[in-house]
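What follows is a single structure, written as structure tokens, with notes after it.
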Amino acid sequence: MINFVLRRLGQSAILLVIMSLLVFVGMYVVSDPVAVMAGEDATAADRAALAAAYGLDQPLPVQYLTFLANIVQGDFGTSFVYGRPVLDLIFERLPATLEVVFLAMVLGLAFGIPMGIFSGLNRRKPATRLISMITTIGYSIPNFWQALLFILVFAVWLRVLPATGRGPTTDFLGLQLSLFNAEGLRYMLLPAANLAVALICMQTRLARSGTQEVMYQDYMMFARAKGIAPRRLIGRHLLRNILIPIVTITALELGTLIAFSTVTETVFSWPGIGKLLLDSIYRSDRPVVVAYMILITLMFVLINLAADIIYAVLDPRIRYS
Amino acid sequence: MLLTIDRLSIAYELADGRELEAIKDFSLTLERGRIAGIVGQSGAGKSTIGKAVLGLLGENARISGGRILLEGEDIAGFSERQFGAIRGKRVGYIYQNPMTALNPVLSIGEQLIETIETHTDKRGTAARSYAVELLTGAEVSHPEERLTKYPHQLSGGLCQRIVFAIAIAAQPDLIIADEPTTALDVTVQKAVLGTLKRLAAQENIAIVLITHDMGVVSQMCDEVYVLLRGQLVERGPTMQIITAPQERYTQELMAAIPSVEQRRARFDVLDAFEETPGRQRGIDYLRAGTVALAHGDTMLAISNLSKTFTGEKGGAGFKALDSVGFAVRRGETFGIVGESGSGKSTIGRAILGLVHPDPGAIIALDGHPIGQENRQALSRKLQCIFQDPYASLNPRMDAGTNITYGIRAAGLVPRKHAQRLAEDLLEVVGLPRAAATKMPHAFSGGERQRIGIARALAYRPGLIFCDEPTSALDVTVQAEILNLMKELQDSLGLTLVFVSHDLAVVRQMCDSVIVMRAGRIVEEGPAEQVLTEPADPYTRQLLSAMPRFLRSAAAS
Amino acid sequence: MSAIKRLSGPSRIDPFLVPFRHYPAAIAGLVGICVFTLAAILAPLIAPQNPFDQGQLDIMNGLLPPMSEMMDGSVSLLGTDAVGRDILSAVLYGMRTSLLVAIVAVSIGMVVGVVLGLVAVMRGGWVDAVIMRAVDLTVSFPGVLLALMLLAVFGSGVDKVILALAIGIWAQNARMVRAVGLSEMKKDYIAAARIGGLGDLRIMFHFLLPNAISPVLVLMPMAISGAIVAEATLSFLGVGVPITEPSLGLLISNGNDYLLSGRWWISVVPGLVLVLMVLSINVVADRLRDHANPYLQARG
Amino acid sequence: SAFAAGTANAETLRMAYGTAPVSADPYPYSDTQTGSLSEHVFEMLVGLDDTPLLATGWAWESDNAIVFNLREGVNFSSGAPFTARDVVYSMCRMMYRVDGRANVVTSALGPVTDVVAIDDHTVRFETTAPYPIITQKLKFLKILSAEAAGIAGDITFDRDGDCGIVDSYPSQADFDTGSAAIGTGPYIYESFQATGDANLLRNDNYWGELPEWDRVEIRSVPNNGARIAGLLAGDYDVVERPSAEDLQVIERDPNFAYSTVPGLQTIFIVLDTNADGAAGVTAADGSAPLADVRVRQALSMAIDRQAITERLFAGNATVANQFAPSYMPGAPKMPDLATDLDAAKALLAEAGYADGFELELNVPADRYTNGQLVAQAITQYWTRLGVKVILRTEPWSVFQTRRTEGQMGVFMYGWGHPQGAAQLISGAFAQRNDDLGLGAANYSSYDNPVFEDAMQAWAVEVDPARSNELVAQAMAQAVADLPGIPLYYNHELWAHRAGLQLVGGAEGRTVAMMVKSN
Ligand SMILES: Nc1ncnc2c1ncn2[C@@H]1O[C@H](COP(=O)(O)OP(=O)(O)OP(=O)(O)O)[C@@H](O)[C@H]1O
Ligand SMILES: Nc1ncnc2c1ncn2[C@@H]1O[C@H](COP(=O)(O)OP(=O)(O)OP(=O)(O)O)[C@@H](O)[C@H]1O
Ligand SMILES: [Mg+2]
Ligand SMILES: [Mg+2]
């Protein structure tokens with residue numbers, strides 16, 4: 001197992017290099033930072049000075065090698081736009097994203113799995129049809145539409161929740177989080193719900209289809225024959241057997257939400273990192289984008305590694321050598 | 001009266017909208033402390049009755065008539081919740097397919113202890129030690145260690161004993177034992193049956209024993225119900241049924257029981273299977289297969305075969321096979337008998353390349369080490385009938401496709417004939433043609449086993465590794481199938497490696513035999529010799545433990 | 001075996017329709033899919049206006065509520081948007097783009113993802129490692145940047161959008177299939193198939209695939225609506241389809257700005273069409289999946 | 001109700017910006033919101049409306065030197081008095097390129113050769129040549145405190161901004177944490193976050209009229225719908241830039257109101273008049289249609305500007321008749337531009353393009369209010385004219401890159417600076433002349449001697465009346481030649497809760513000082 005993890009991490013190192021190269025080239029073909037940074041009435045000299053100062057006058061391979069050399073020394077670069085170290089920028093915003101994604105994940109799993117199992121077990125109940133309807137509609141309503149509806153209903157009409165922004169935060173292990181105070185939570189509720197809807201729908205459907213397959217297996221029959229409590233039957237025997245796809249999606253979504261939940265962050269003005277990425281791409285802020293992508297790739301690698309380990313825990317027949 | 005079944009009828013709805021009446025007007029009565037046996041043809045509906053008592057019939061089953069009274073209360077219409085109060089606590093169930101009955105992702109310990117904690121007031125270490133006690137009672141060695149294992153790490157017999165332990169954990173009023181000893185060697189079987197009998201006698205527990213082993217029936221049951229195609233054909237006290245069967249089917253059944261006392265050329269059959277053109281075509285197909293080759297050459301040679309399963313967390317491995325070696329001659333039937341868990345299936349899995357043996361092992365087929373040949377070519381020389389027939393069927397393919405998919409891919413049968421061939425082969429193993437379109441899960445245990453047999457035969461291979469191929473079959477069907485195999489053997493030189501616990505069958509079928517215990521061969525030789533003049537104490541023990549169905553007793 | 005009774009007469013219905021017998025909702029879904037597809041195909045014939053012909057549009061017709069008379073005297077059934085596009089026509093045309101983009105992107109993403117996932121399971125070892133690291137790479141690559149790159153290098157166009165979306169989809173499917181496949185791979189029926197001498201391809205597609213694909217199919221309708229919305233987002237950001245040829249998603253996201261002020265029709269009409277479309281696909285897909293689930297086959 | 005609770009603390013003003021301010025550092029960032037934010041804290045010598053602010057008056061001493069008299073009795077929020085030394089320090093800091101990066105007016109103040117503190121309250125700016133628009137440019141020089149930077153003694157200006165005090169310049173982080181954000185303005189920072197959220201407290205020692213609000217909370221809500229919803233939900237008192245659409249909601253609801261003021265921004269379309277052809281413009285005969293003034297006039301006449309401002313902006317934009325808002329002080333008086341599709345077709349036919357030609361219209365997707373709608377409207381008009389239009393919208397960064405690389409023959413652009421009517425034409429249509437600061441953004445290949453002479457003369461003219469005359473001349477020529485097509489002038493809009501009075505400026509800054517309760 002330790003070998004397995006080490007090997008994976010070794011592969012990831014290569015991955016990070018490939019990723020940085022891709023992003024480097026990608027940003028290069030997309031837009032020219034000098035053109036974006038220089039003002040409307042910048043002179044040719046202004047542009048040249050700017051390019052020289054950021055090393056943008058060098059050939060791309062040279063720029064890339066310089067970048068790698070800096071990374072090795074722990075320097076991820078300085079934002080073109082903000083003039084600040086990119087890691088500072090990223091880590092300042094990370095807690096806001098992490099907490100809202102965490103809440104969304106909890107909502108997604110807490111509602112999705114029980115609803116899915118219920119539908120799987122009670123195929124013909126009206127409640128099942130209702131769940132199926134709602135989840136279908138839930139994910140066919142585009143995210144941005146949904147966000148606005150949430151704001152309209154809960155903030156504008158009912159006035160029970162704030163429409164935008166992040167509430168007060170409290171210090172938790174050095175992170176600024178609003179998860180641990182009631183007012184802060186109020187601000188988190190709508191964006192988290194907005195992220196959670198798709199998750200709930202996905203988890204419900206995966207759990208439902210898994211249940212419909214597992215429920216009829218001999219071992220489930222025998223487990224029922226043993227007369228164990230329904231809670232245990234479902235919570236242990238059934239759940240363990242339907243979790244693999246759920247874990248897969250949870251892992252992928254976890255990464256995606258942390259990295260790319262730009263729509264939600266934009267509509268609710270949630271000061272997270274997804275927006276930072278989008279803005280940085282649009283402002284041609286290459287250092288931020290590259291550093292961000294390296295971190296995100298690392299995160300995905302770790303999350304997927306964790307998922308792979310969980311597979312083996314869930315199903316003892318899966319073993320990695 | 002503890003259990004009364006009154007004119008019960010059960011129907012399964014099939015995928016195409018048709019309905020199958022699995023049970024018609026079946027009645028049964030059972031008092032505490034008594035053991036009722038249900039015998040009958042494979043697919044007759046025995047398991048269906050058992051499941052009905054526990055409310056475990058699938059969604060597509062319907063109780064179309066009759067009542068099931070448990071202590072006077074009609075449970076036929078119970079809800080899932082009401083059944084919850086009965087299951088495990090008042091009625092224990094020993095599931096027919098032990099290898100699929102255990103949850104693959106939960107450890108044995110968890111599955112056993114949760115039952116204990118649900119139904120008794122034992123918790124924590126008390127529950128654990130009771131679990132160990134139960135396993136010991138079920139003749140499971142190293143019970144502590146087994147608790148941490150997962151089902152796929154256990155042999156079929158071990159799984160069956162664990163299922164047994166789970167079913168009796170709460171000392172229910174009624175135990176439904178659906179073929180509880182099919183995967184057990186006779187010594188263990190004796191112990192397990194002994195436990196059951198003791199439960200009935202001492203704890204006043206009623207038992208419904210579903211089995212096809214008449215020896216078991218004669219030893220265990222107070223009363224016997226004989227079932228054929230969903231209908232009760234005869235019921236009566238055990239002795240009466242055995243000694244003086246009234247109905248034709250019962251008589252056939254008794255006649256078909258193989259004897260360990262003497263070896264005959266053929267199993268006695270009284271036309272259990274209908275002779276149809278399809279069946280004939282199927283048999284012709286099988287006969288037309290392999291070119292008859294000279295009998296007697298060594299076909300399969302194995303030497304120094306060891307297998308160590310690596311332990312958890314780098315702990316010491318478990319040596320499932322220890323320097324096993326033997327040779328199988330072409331055209332013979334080579335028997336492997338022995339203790340459950342002694343490594344019989346592992347030998348098969350090693351031959352088939354499903355487990356990698358420890359270094360040093362040599363497995364040669366026709367003089368060439370296996371593994372160098374391509375898979376397709378090998379598939380026509382070497383086939384397998386899996387011990388767990390169900391898990392080895394693709395659940396998303398109907399029975400017909402399961403049987404012919406491989407041979408179609410190998411070009412043994414043109415696509416357009418595949419369906420007909422599948423149906424023919426189903427008839428060969430005694431299933432109706434219509435079964436071809438049913439999905440694997442909708443078959444009875446014995447039917448699944450026969451699908452597995454049909455699939456293996458369809459390749460017309462040179463050698464078949466048969467891992468307890470007929471354990472779930474009643475004697476009439478078993479006799480038909482074993483005769484067929486013998487016939488193919490005679491005419492084509494088919495070689496069989498035959499794993500079985502049924503020593504009578506082994507005696508009938510096998511030319512040579514090895515006896516295994518704890519991963520080693522303890523005795524080997526011609527079947528006649530080993531089974532009549534055993535040299536090894538373990539073999540002797542096996543023979544003496546055999547439940548005997550004494551025809552002589554019947555005569556007297 | 002016991003007697004088998006026929007409940008219904010010999011079935012004379014098209015085998016394709018068998019799964020839908022007795023399921024009114026699924027039939028409605030099937031009808032829905034047909035209607036939407038037909039409407040999309042026939043859009044040029046049935047739409048009152050060609051919304052892609054800018055010469056036919058006039059901002060003087062902008063923001064008309066449903067059933068309003070336009071400048072030329074014709075009536076706009078479902079109203080118009082800000083630049084005077086007849087919503088009904090726009091939805092009909094937009095559906096074509098959306099359906100094309102979503103279905104092609106999801107199909108490519110699904111096929112590629114599933115196949116690579118299966119290959120990873122079958123081959124294991126370094127093949128598995130390479131495929132899964134490629135997955136890690138693609139899931140961490142931002143779609144917007146990818147779309148921008150394609151736009152910058154190849155120019156704009158529906159094909160680029162499809163490619164950008166498909167790349168996002170394949171990775172998820174590959175991981176899903178691999179995860180489930182790893183479990184399936186250890187089951188005896190695969191062993192039986194190997195002993196049966198079946199080639200890897202057959203084992204992959206006839207044994208592994210049907211037993212591992214279920215979660216992918218579960219997520220498929222979501223992937224379709226997701227692709228429609230993702231395409232809208234890209235278009236909205238200026239890296240998708242041209243705004244003069246709006247897709248369904250782009251119509252919705254444009255109309256979003258008019259929701260607060262009560263001009264609901266601009267986003268609600270295309271939104272409803274999207275919901276209905278996905279709902280149809282969904283009930284049909286659900287039914288087909290249930291039908292393929294051997295344990296649910298009997299109608300019980 | 002929640003609403004009442006939201007306004008209970010009447011002394012706090014909550015404002016939502018449409019874009020996040022980048023930093024509390026006022027120097028490197030020229031965007032409106034960073035400017036708005038820093039205007040609470042920092043002041044300039046010359047006010048945005050050309051009125052005296054920290055300077056009480058100024059006069060040209062010679063063609064090359066202008067002297068400012070500074071206001072007395074002004075203190076920084078740190079308590080230090082404001083003196084001429086602070087002006088010199090601020091100029092140094094403005095000229096200094098951190099990491100090579102120009103500050104807001106580093107380039108524009110390039111002609112300044114020296115800044116001399118004559119006494120504590122007099123300062124002289126010397127320039128290479130006559131540089132009349134320096135007062136315009138000084139509107140962007142936010143005055144920092146030299147003392148706060150720890151600088152004692154006199155400071156000697158040099159043009160690189162080195163001034164011998166480079167090491168004392170505060171970093172951006174120093175501003176963002178508040179330690180360097182010391183100005184003379186009516187507010188001081190309570191906090192600033194990298195996300196662009198800021199809280200401000202009133203500077204009770206402010207020299208001028210004290211603003212009404214004790215405390216100001218600024219949040220950035222880039223999404224239009226969310227911003228207005230935040231207002232409706234009671235999260236904010238004032239939101240900037242509501243869409244024309246959202247005003248409908250505001251109008252209907254008595255709890256809310258909006259304010260509008262004609263803005264500085266002119267939206268126009270640049271045409272590449274190069275006789276060798278323009279990127280993305282193709283005619284069947286391979287000629288260069290845009291080089292023909294009749295074609296350009298036809299394109300202009302095909303556009304119904306009235307329809308655009310009324311339909312797409314609900315009246316919150318003014319039809320343009322030249323390249324600078326006609327309502328700005330000093331703007332030339334120009335006749336309205338004609339709208340006549342038939343005449344336009346005739347002109348096009350006359351120019352030899354009766355069958356039209358093809359052009360690619362480039363528009364940034366995320367830059368201008370209603371930009372995509374306007375672009376579609378233009379596409380409609382030109383399509384009806386018979387020109388085949390391919391509308392290409394893309395993100396600003398991609399747009400800007402391609403534009404800089406000269407890959408666009410026809411593109412939409414917006415320009416708005418509080419720097420007078422000449423700013424746009426001098427930048428977009430004059431020939432490139434870095435010394436005079438002309439033509440930095442000339443992508444139109446426009447080259448008309450009449451226009452060119454007028455611009456060059458204007459660039460060095462110090463007499464305001466004469467300067468206006470030259471601008472009028474140049475503007476008339478540009479409008480006649482149409483190297484670009486003026487479309488409309490944007491208005492600035494704010495929505496707020498009822499009970500507030502808001503007097504915004506044309507530059508569209510959103511500041512607490514302009515909000516009063518009534
Ligand atoms: N994958 C595995 N991991 C660990 N131990 C295993 C594994 N497979 C089998 N074993 C162990 O190897 C031993 C031999 O198993 P095998 O299945 O060959 O027995 P068997 O002789 O076929 O028994 P039975 O008659 O009960 O089927 C058993 O003790 C079993 O627990
Ligand atoms: N879920 C199901 N759907 C349809 N038919 C079924 C289903 N389960 C069982 N059957 C059919 O019902 C009949 C009775 O099955 P049952 O399992 O009760 O047989 P059995 O007597 O236990 O046989 P065996 O001895 O082989 O286990 C068989 O013909 C079988 O094919
Ligand atoms: Mg059975
Ligand atoms: Mg075995």
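Quantities reported herein were computed from a predicted structural model and do not represent experimental measurements. Below, all heavy atoms of this structure are taken into account, side chains as well, without hydrogens, waters or symmetry copies. In the text below, chain A, chain B and the rest are named by the order of the sequence lines, each starting its count at 1.
Residue Tyr236(D) touches chain A through its side chain alone, counting heavy-atom pairs closer than 4.5 Å. No part of Ser23(D) comes within reach of chain A, as not one of its non-hydrogen atoms sits under 4.5 angstrom from that chain. Heavy atoms closer than 4.5 Å to chain D are found in the backbone of Ile281(A), but not in its side chain. At a 4.5 Å heavy-atom cutoff, Ala173(D) makes no contact with chain A through either its backbone or its side chain. Of the two parts of Leu148(A), only the side chain, counted from C-beta on, holds a non-hydrogen atom closer than 4.5 Å to a non-hydrogen atom of chain D. Heavy atoms of Asp366(D) lying under 4.5 Å from chain A belong exclusively to its side chain. Within the 4.5 angstrom heavy-atom criterion, no atom of Arg402(D) approaches chain A.
Contact detail for Ala233(D) and Ala163(A): the closest heavy-atom pair is CB-CB, 4.1 Å. In plain terms, the two heavy atoms of Ala44(A) and Arg432(D) that are nearest each other are N-NH2, 3.8 Å. Pairing each heavy atom of Val156(A) with each of Ala229(D), the nearest pair is CG2-O, 3.7 Å. The shortest heavy-atom contact between Thr401(D) and Val36(A) is OG1-CG2, 4.2 Å. In plain terms, the two heavy atoms of Arg97(D) and Ala49(A) that are nearest each other are NH1-CB, 3.8 Å.
Heavy-atom pairs under 4.5 Å with chain A peak, among Asp176(D), Val398(D), Val221(D), Thr404(D), at Val221(D). Between chain D and the residues Gly165(A), Ala147(A), Ser31(A), Ala52(A), the largest count of heavy-atom pairs under 4.5 Å involves Ser31(A). Contact tally against chain D (heavy-atom pairs below 4.5 Å) for Leu152(A), Leu158(A), Leu50(A), Val34(A): the top residue is Leu50(A). In terms of heavy-atom pairs under 4.5 angstrom with chain A, the leader among Pro395(D), Ser426(D), Ser30(D) is Pro395(D).
To the nearest 0.5 Å, the span separating CZ on Arg159(A) from CG on Leu232(D) amounts to 7.5 Å. In this structure, the separation between CD1 on Ile151(A) and CD1 on Ile228(D) is 12.0 Å, given to the nearest 0.5 Å. Once rounded to the nearest 0.5 Å, the distance linking OH of Tyr29(D) with OH of Tyr82(A) reads 8.5 Å. Taking CD from Gln193(D) and OG1 from Thr169(A), the interatomic distance works out to 7.5 Å, rounded to the nearest 0.5 Å.
Within the 3.5 Å criterion, the main-chain N or O of Pro162(A) finds no donor-acceptor partner in the side chain of Asp235(D). Under a 3.5 Å cut-off, the side chain of Gln400(D) and the backbone N or O of Ala35(A) do form a donor-acceptor pair. Formation of a donor-acceptor pair under 3.5 Å by the Gln172(D) side chain with backbone atoms of Arg84(A) is not found in this model.
The closest side-chain heavy-atom distance from Thr195(D) to Arg166(A) is not below 4.5 Å.
Within 6.0 Å of atom OH in Tyr64(A), more than 12 heavy atoms from other residues, nucleotides or ligands are found, so the atom counts as buried in its surroundings.
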